[in-house]
Structure formats: structure tokens, C-alpha cells
Amino acid sequence: MIKIIDNINELENIIPDLESMPLLAIDTETTGLDPYRSKVLLFQIGDLEKQFIIDCRKVSIEPLRKILESDKPKVLQNAKFDYKMVKHSFKIEIENMIDTMLIEQVLMAGKSDGQFGLDDLAEKYLNTRIDKSERKSFIDHSGDFTESQLEYAQNDLIYVLRILESQVKALVKENLQETAKLECMAINAFGDIEYNGMLLDKNKWSEILEEEFMKKKEAEKILDSIFKPISELDLFGGSVNINYDSDEQLKDALEKIGIKVNDTSKATISHIDPKIGQAILDYREHQKVVSAYGKGFLEHIHPDTGRIHPTFRQLGASSGRTSCADPNLQNIKADSRFRSCFIAPSGRKLVIADYSGCELRIIAELSNDEVFLETFRTGGDLHSIVASSIFKKNVSKTENPELRQKAKAINFGLAYGMGAQGLAASLEIPEKEAEELLEHYFNSYPKVKKYLDESANIALKRGYSVTIGGRKRYYEIKDRNDQKEIASIIRQAKNAPIQGTSADMTKLALIWIRKAIKEKNIDAKLVNTVHDEIVLECDENVAEESAQIMRDCMIKAGEYYLHKLPIEVEYAISDCWQK
DNA sequence: ATCTGTGGCGCG
DNA sequence: AAAGCGCGCCACAGAT
């Protein structure tokens, strides 16, 4: 018979036991997944020898506050979930968490057979099959718990502890302890961001959507007039029955008016008859916005908070970047009309801070290219300098800006392993010309080329790439003779250390920003992050101070990884998500 | 009716 | 399968 703690005396009695344990496992059973609406039913805590189950319907875990907020390490599976639940229900922020799910993602980055559920990990590391069906039994549960429910709750603690033991050995073997530590320390920041959410000006958003809907209709009318001659009209005469969202139907329709295309991508469509092409692209643009930001998007506004609480996958990308969903706040149109709808409540401000030229600085650091390094050291404009040297003309943001734009495309394309064909397409120049440009580029910056090539070679040899912070991204090479596969991995491998180091930096900055605002007890909270950007919401009276904290933390985090050049952070204090 | 894969496109 | 890296979302189309 498993004992359940349901009064404050018993709870206080276990504290000495917990204090003597060097590592605690924690788990919760809740009525659902929404921290604002679901209740914590059970809170389990303990080590391999002793586990305690607390009935949170009968007793608050307040007496455990000191232990939970302390530096004592606590291991959980999918820690961010329990963190948010406990944060909301008990106003306690669990600190120094270790997450077996995140560690597994660190160990498996890039591998296709990664499985991250507790049941998967138990099978992999403990050779144990666990029945997760019991978990569902807690949804909307009331009354006494069954023996099997309690057993399930107790066992989870033992599983995570034993899984962690095995994982730590793997981390040491792969030299991934630092990355695992970074990820685990960042859990709280991502938990906070999700919990805090962002406020959206719903009325303004809806107005823009309405405008977009009208523009879509207008574009549709123009398309109808173009395709009317070849269209079968519907029975009641009038509307053209082509679905412009269907690439097949669009291709057929174009063929009937004498335009043959292999695909309907923007690149292809922009080269057909400009009047028709423009009409299609206009339609697409507005259709995209209406569908992406319409009803489905607004349904993400939480009924209790009135805010949008997305879900971050802290290791959503094999590079080490985070991804974001439901909704994705990392791909909101940069067009200020949309971002400016994300606002600070009255009396508050948003501080938006981002790393300037983050990835190019990382390339400079890793390649040791003197021009790149010197440009960043002296605060010059790398795109202009690159443009001047490969086009042999004076270029700045004002002089020959179109050449600067081209150089920018080259600079970024390069970091992704772009070839002449891709460059030709993106600059709309003949392939021959693109080849020459690339040659000029690499002649001017031989160390950049050398670095990128070496980066790819090492990855192919070892089977993984490494960031400056030691994060690994693995490659599964199926057939070393498959040129296409190898070429693809080469491009991934050129990019991985760059993108991954940038992710390392931003995550470290998030950790330090959260720590700083907490220690200084400033009325500020993290609300979003977009790869090289961090957004914070704060009381207007501490906006300037918060901005300085963000800037300092971001620069320090950058300098933690990059030693050969300065880090620059730009920030804005605003009423909305706009610089 | 629900699923999975694909094309297209939004962001960094 | 892959001629530019990393994501998520929508609509479509074909399958179940």
C-alpha cells in the first residue's frame, strides 16, 4: 500500500529527508495540459530509495518552496511542463532542473531515430516497457486514487533517475555535458516565455485581415478576367471555377492560355507575362496572409489571459535552434503592420533586442578571415565591403546600394553552401556570371572558403558537426557514393556550426537575462525569442534599465563564444513589437 | 472523415 | 530524395 501525503504535518516531516538527497526526481499528475486551467493532482518527489506522493488537492506544496527554488538539482521528464504547472498553481518556480527529454535531444541531434517520450527512454535505457495508459486516468480525476495510479506516479520518479544515470554516461562519452547543461539551464526561460505569452491588439489585427481579404478578392477578380475565356462557367453564369490555390488547376489554366510552366513557384511565375504573373503573386500573398493569420490564429488567444501562449520546442531544430508552434511566433510577417499588433499593455513597454550580423560574426570568428574580423572590429559594413571588393566599385548603404544587396545575398547564401546555380537564381543573373562572382568572392576571402570546406570535410569524416559551444549535430550517411546525398550533407555541415553557435549564444543570453531580472526583482518578463532576437515586456519605468540588462547579457553571452571580435546588440523600447 | 506527403511561403 | 541552411502552417490531393 503506497502512502499518500495529504496534510501539512506529514509534508513538513519529509523535508529533512529531501534535504539530505543530493538529486531529486520530480513529477506531477495534472487534470490537463493548460497551466492556467488544469489542476495539479499529485506532486511526486524523491530519490531512488524513497519517493513521496503528495495529494495537492488536500495540501499545498508551499512547504517545499525553499527546496524547489534552491540550487539542488531536480530531474524531470519534459520539465517545462511541470515548471509551468507549479509556477501557476503554487507561484513556485522550480530552479536547476535537469530534463531527460532535452538531454536525449542533445544526444540525438540530427539522428532520425530519436524518440523522446518517457516510455521510449525507459525502453532504450532500462529495457523496460511502461504503460502510459495510466497517465490518461488523471484527466478530470476526482475522488481517491487507485493503487495502480499511485504506483504509476511513484515509478515515474525511479525511471527518470535511472534514465538520467545512463544518459550522463552517454553525455560524457560524446563530450556533450556543456550543451546539456546549457539546455537544462534554459528551460526556465522558455517556460516563462510560454507562460507569459504576448498580448495581441485583436481589433487592429482583424482590420488588417479584413483589408487583406479585400485585396485577395480584388486579385481574384483580375485572375477571373484573365482566365474567363478558357473557363467553364458555372450553371448560374458568372464565376470562373478555377481554384487558384490548386497548383494543378493553375498550371492547367495557364497552359490553356498558352503559358507552359513546370511548377508554380514564385521564381517561375515571376518570369511569365508580367500582368498575369503579378496577378497570381498578388493573389497568393494575400491568400497566404488571410489563411495564416485568420481564424485559426486568433483561436490561440487564451480565454483567461487574453494573450497568445505559443509552444516552444527548445531543441526543435537539429542545429540547436528552437522552433515555435501553436502559433508560430517566429514567422510573423516582418511587415510592421503585423508585428505592431503585438503590444505591451498600458503602462508597460516591450524591449526588443537582437544581435546584429550574428552569423557573419561567427563566420569571421571561425574562419579567421582578416577582412571579416577587421570590419567587425572597426564597426564597418561587411556587405558594402564585400560588394566593393568583388564588384570593384565604391559601395555603401547609399552608394550603389543594389550592389550591396547582391553582396548580402552572397554573404548569406554562402553560409548555407549555395552554389553558382542558386546564386544565379537569387540575383537573376546568368549562371556564368554567378560563377565569376563566387570566384571573386573566394579569391578575396580565401580563409572563408577554407573554413567552410574544412567544416564540411570534418563533418563527413566524423559524422557530426560541432559548434563553438560544443553542441553536436549528427549526420546519417546512407550511401557515401551518392553524390546528391553527400552534396546535401556538405551544405548542412557548412551551416551547422554557424547556425548552432548562434543558438548557443541566444540560449545563454536568455538564461542570464532571466536570472538578472529575477535577482534585481525588476517588473519585467521574457515574452518571445526569434533566433537572434529576444523580446521582453516590462513596466515603462524600468524599460531603460531592462534594455541595458538585456544588452549586457546578450553581449556577455556573445563574448562567451566569440573572442576575436566585438558583439553588437541593437535594441528598441516600444509600445509594440516593432523597432 | 481523418491521415500523410507536397508545394509554396512566412521568418531568421 | 536531395543543386540554399533551419523551421511551421496552409491548402490541396490522394490514400485509408
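The chains referred to below are lettered A, B, ... by the order of the sequence lines, with proteins before strands, and numbering in each begins at 1.
Neither OP1 nor OP2 of C:dA3 sits under 4.0 Å from any side-chain N or O of A:S488. Within the 4.0 Å cut-off from OP1 or OP2 of C:dG6, at least one side-chain nitrogen or oxygen of A:R473 is found. Listed pair A:S323 / C:dG8 meets the phosphate criterion, a side-chain N or O lying under 4.0 Å from OP1 or OP2. Listed pair A:R313 / C:dG8 meets the phosphate criterion, a side-chain N or O lying under 4.0 Å from OP1 or OP2.
Positionally, the nearest nucleotide of DNA chain C for A:D482 lies more toward the 5' end than for the other of A:A325 and A:D482.
Side-chain atoms of A:D247 and A:T264 include a donor-acceptor pair closer than 3.5 Å. Checked by atom type, the side-chain pair A:S246/A:N243 shows no donor-acceptor distance below 3.5 Å. Side chains of A:Y441 and A:N411: a donor on one and an acceptor on the other come within 3.5 Å.
Counting any heavy atom pair closer than 4.0 Å across all strands shown, A:D326 reaches sugar-phosphate atoms only and no base atom. Nucleic acid contact class of A:C324 (heavy atoms, under 4.0 Å, all strands): sugar-phosphate only. Contact annotation for A:K251: no contact, since no heavy-atom pair falls under 4.0 Å across all strands. The residue A:G422 sits close only to the backbone: its heavy atoms come under 4.0 Å of sugar-phosphate atoms, none of a base.
To the nearest angstrom, P of B:dG12 lies 11 Å from CG of A:N328. To the nearest angstrom, C1' of C:dG4 lies 16 Å from NZ of A:K484. Taking atom CG of A:L452 as the reference point, atom C1' of C:dC5 lies 12 Å away to the nearest angstrom. Between the NZ atom of A:K408 and the C1' atom of C:dG4 there is a distance of 16 Å, rounded to whole Å. One can place CD of A:E476 at 15 Å from C1' of C:dA2, the figure rounded to the nearest angstrom. To the nearest angstrom, P of C:dC9 lies 13 Å from CD1 of A:I308. Residue A:L250 contributes atom CG, which lies 12 Å from atom C1' of B:dG8 at whole-angstrom precision. If you take CD of A:E359 and C1' of B:dC11, they are 13 Å apart, rounded to a whole angstrom.
Using a 4.0 Å cut-off between charged nitrogen and carboxylate oxygen, A:E211 and A:R337 count as a salt-bridge pair. For A:K215 and A:E218, the salt-bridge test fails: no basic side-chain N is under 4.0 Å from an acidic carboxylate O. Salt bridge annotation for A:E476-A:K111: absent, with no cationic side-chain nitrogen under 4.0 angstrom from a carboxylate oxygen. For A:K295 and A:E299, the salt-bridge test passes: some basic side-chain N is under 4.0 Å from an acidic carboxylate O. Ion pair A:D381/A:R404 flagged as a salt bridge, since at least one NZ, NE, NH1 or NH2 atom sits closer than 4.0 Å to an Asp/Glu carboxylate oxygen.
Nearest nucleotide to the side chain of A:S318, out of C:dG6, B:dC9, B:dG10: C:dG6. Side-chain proximity of A:S319 to C:dG6, B:dG12, B:dG8: nearest is C:dG6. With B:dG8, B:dG12, C:dG6 as the candidates, the nucleotide lying closest to the side chain of A:R339 is B:dG12.
Applying a 4.0 Å cut-off to non-hydrogen atoms, none of the residues of residues 568-579 of chain A approaches DNA chain C. For the contact set between residues 329-336 of chain A and DNA chain B, defined by any heavy atom under 4.0 Å, the members are A:Q330, A:N331, A:I332, A:K333, A:A334. Residues of residues 491-513 of chain A having a heavy atom closer than 4.0 Å to DNA chain B, listed by number: A:Q499.
Considering only heavy atoms from C-beta on, A:F338 comes within 4.5 Å of A:V289 through its side chain.
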Collect all protein-nucleotide pairs involving nucleotides 3-6 of chain B in which both atoms are nitrogen or oxygen and the distance is under 3.5 Å.
none

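When the ring pair (Phe, Tyr, Trp, His ring centres under 6.0 Å) test is applied to A:H302, the partners found at least two apart in sequence or on another chain are A:Y36, A:H309.
Across C:dG8 and C:dG4, the matching P atoms stand 22 Å from one another, rounded to whole Å. Using P as the reference atom, C:dA2 and B:dG8 are 15 Å apart when rounded to the nearest Å. Across B:dG10 and C:dA3, the matching C1' atoms stand 23 Å from one another, rounded to whole Å.
Heavy-atom neighbours of A:K450 NZ from other residues, nucleotides or ligands within 6.0 Å: at or below the threshold of 12.
Taking the six-membered ring for Trp and the full ring otherwise, A:F372 and A:F376 have centroids separated by 6.0 Å or more.
Between the side chain of A:R321 and the base of B:dG12, at least one donor-acceptor pair of N or O atoms lies under 3.5 Å.
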* If a protein heavy atom is under 4.0 Å from the base, mark B; if only from the sugar-phosphate, S; if neither, -; do that for nucleotides 11-16 of chain C going 5' to 3'. => SSS---
* Where do A:E174 and A:K472 land on the salt bridge (Lys or Arg N to Asp or Glu O under 4.0 Å) test, with the steps shown first? -> CA-CA 9 Å; A:E174 292 294 317; A:K472 288 184 180 175; 3.1 Å; yes
* side chain to side chain contact (heavy atoms under 4.5 Å, CB included) assessment of A:L350 paired with A:I573 -> CA-CA 6 Å; A:L350 294 181; A:I573 297 170; over 6 Å; no
* To do: In sequence, state the C-alpha distance, the side-chain angles, and the governing distance for A:E183 and A:D99, and then conclude on side chain to side chain contact (heavy atoms under 4.5 Å, CB included).
  => CA-CA 9 Å; A:E183 292 297 342; A:D99 186 348; over 6 Å; no
* Verify ring-ring contact (aromatic ring centres under 6.0 Å, His included) between A:F412 and A:H383, making sure each step is shown before the conclusion. => CA-CA 10 Å; A:F412 285 118; A:H383 296 317; 5.6 Å; yes
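No donor-acceptor distance shorter than 3.5 angstrom exists from the side chain of A:E212 to the backbone of A:Q287, with no hydrogens or angles considered.
Under the Watson-Crick or G-U wobble criterion, with both distances below 3.5 Å, C:dG4 is left unpaired in every strand shown.
The one candidate from A:K181, A:R471, A:R321 that meets the salt bridge (charged side-chain N to carboxylate O under 4.0 Å, His left out) condition with A:D504 is A:R471.
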